[in-house]
There are 2 protein chains.
Amino acid sequence: MAVEQSPWKDAFGREADRSEKRDAVLRVAAQSFCERGVRATSLDDVAERLNITKPTIYHYFRNKDEILVACVARGLAMIDDAIAEADREALSALDRLRAALRRYAEVMTMDFGMCVTRISEPDLSEEGRTRFRDGKRKIDGRVRDLLRACIREGSIRPCDVVLATFTITGALNWIARWYDPAGPLTGEEIGERMVAMLLAGFAAPAPPAG
Amino acid sequence: MAVEQSPWKDAFGREADRSEKRDAVLRVAAQSFCERGVRATSLDDVAERLNITKPTIYHYFRNKDEILVACVARGLAMIDDAIAEADREALSALDRLRAALRRYAEVMTMDFGMCVTRISEPDLSEEGRTRFRDGKRKIDGRVRDLLRACIREGSIRPCDVVLATFTITGALNWIARWYDPAGPLTGEEIGERMVAMLLAGFAAPAPPAG
DNA sequence: CCGCTTGCTTACTCGCGAGTATAGAGCATA
DNA sequence: TATGCTCTATACTCGCGAGTAAGCAAGCGG
């Protein structure tokens, strides 16, 4: 298999430190959650992919839900950081929006990003659900704020900002469902083109002659 | 509870025919699959919601996968029919596209439609996966064909039709993830507004003065 | 050398849920 | 009354996977 490099390496190189090992568990788990679904991912499988056994995982995490929550949290953080970073690039609001959405799209092609859109609430514990919702709400808020800034600036047509956010993030989130690393487009290209499409719309401009 | 009206009704009214009962199982199962996820839906739960017991379900279906496949197939058929029907309304290609997408959006607010986007491939058996993929491919093909017709007609700007289809269907599919029947908008309204947004795009038109 | 901790193992428990064996109730035909 | 079909229930089996118990090896302070 060797799906991931593992810090355990068949009884050698066990000096790697705790957080590195936690990370390895999360990476493999995130991948498996996305590929097979949360309920269908057994911790025995995850352990096997890392050349360890299940109780070892319990040495680093309290239970399965903690792993799941950590994966989702990491994905949410990546999206949030992407937007925040784009926001700091002090350009026009429209350029900030464009940059933010492009990076958002890219995160959707990565394991932790995919977790955010492929995992659904019933997979999480009550506490995890709350954190999940909070994280998504925060991201939604950022996108809405950016849209409002653009509207104030005059670069985006005034519209129902809530529905616009759902439309845009829906298109972006769905990337996680069809993206194929072996496909013709990289995450970056997808982001750039999709964002351009969303902003320009699909309709042809009205013909010049009445 | 009384989530659904059940043809079994506490030992009364058992004269309803077979297909009606199959339907009832599918409706309840679809709802539960969407709410709780496929793996987390036990047939015992489904049976209980219908005032029956699990073996009764097995009298109408071979196994859980058959139920799941039937739910997804019904959802796919609803989308396909929606597009096909819109296509028969012999208007301009753009009007046919608009009508098709609006109906697509509406289906996404219904139980069986939601199944299509909330269920993911690993939930299905090998055979079910194939049918699922085929159904989605067919729908994708229809949307692409409509887009191409519009481009030929001049009503849609020439573009990467494949990515455009992913963008549009992504936004529409995502409706199933946030739609709330108690929310301010009906399925019809959501469809109409979202499709308008997608076609027109979000960017403000270039200012009249250079 | 002892005792303690850390990291990992093998070998369990235990509950849940898919699917089944079997039987009984109701009805229809003979 | 006997036969047999349809529909449903009670009461199982059985495997899988989350989580645990208990112990073993390696390092480290004394």
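The figures here come from the full heavy-atom set of this structure, side chains too, leaving out hydrogens, waters and symmetry mates. Every chain is numbered from 1 and lettered A, B, ... according to where its sequence line falls, protein lines coming before strand lines.
- Per the geometry, CD1 belonging to I57(B) stands 14 Å off P belonging to dT20(C), to the nearest Å.
- Distances shorter than 4.0 Å separate some side-chain N or O of Y60(B) from OP1 or OP2 on dT8(D).
- The aromatic rings of W174(A) and W174(B) lie perpendicular to each other, with more than 60° between the two planes, well past the 30° mark.
- In this structure, the CG atom of N63(A) is 8 Å from the P atom of dT20(D), given to the nearest Å.
- The CG atom of L50(B) sits 15 Å away from the C1' atom of dA9(D) (whole-angstrom rounding).
- Place L43(A) and P55(B) on DNA chain D by their nearest nucleotides, and P55(B) ends up nearer the 5' end.
- For the atom pair L94(B) CG and L199(B) CG, the distance stands at 6.0 Å (nearest 0.5 Å).
- Atom-to-atom, CD1 of I67(B) to C1' of dG17(C) comes out at 13 Å; the value is rounded to the nearest Å.
- Checking dT20(C), dC7(D), dC8(C) against the side-chain heavy atoms of H59(B) singles out dC7(D) as nearest.
- Rounded to whole Å, the distance from OH on Y58(B) to P on dC12(D) is 19 Å.
- Annotation: side-chain hydrogen bond (donor to acceptor under 3.5 Å, both in side chains) contacts involving residues 85-100 of chain B, sequence neighbours excluded, comprise E85(B)-R103(B), D87(B)-R96(B), E89(B)-R103(B), S92(B)-D95(B), D95(B)-R98(B).
- Interatomic distance, CZ of F112(A) versus CZ of F33(A), reported as 10.5 Å (0.5 Å rounding).
- DNA chain C is contacted by both T53(A) and R39(A); T53(A) maps to the nucleotide lying nearer its 5′ end (nearest heavy atom per residue).
- Phosphate contact (OP1/OP2 of dA9(D), side-chain N/O of T56(B), threshold under 4.0 Å): present.
- Here the nucleotide nearest the side chain of K64(A), chosen from dT9(C), dG19(D), dA18(C), is dG19(D).
- Taking atom CD of residue E48(B) and atom P of nucleotide dA9(D), one finds them 12 Å apart after rounding to whole Å.
- Contact annotation: K54(B) does not reach the phosphate of dT8(D) (side-chain N/O to OP1 or OP2, under 4.0 Å).
- Protein atom NZ of K21(A) is 14 Å distant from nucleotide atom P of dT6(C), rounded to whole Å.
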N63(A) and Y58(A): CA distance, side-chain angles, deciding distance, side-chain hydrogen bond (donor to acceptor under 3.5 Å, both in side chains) verdict: CA-CA 7 Å; N63(A) 52 40; Y58(A) 281 88; over 6 Å; no
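- In this structure, the CG atom of D44(A) is 13 Å from the C1' atom of dT9(C), given to the nearest Å.
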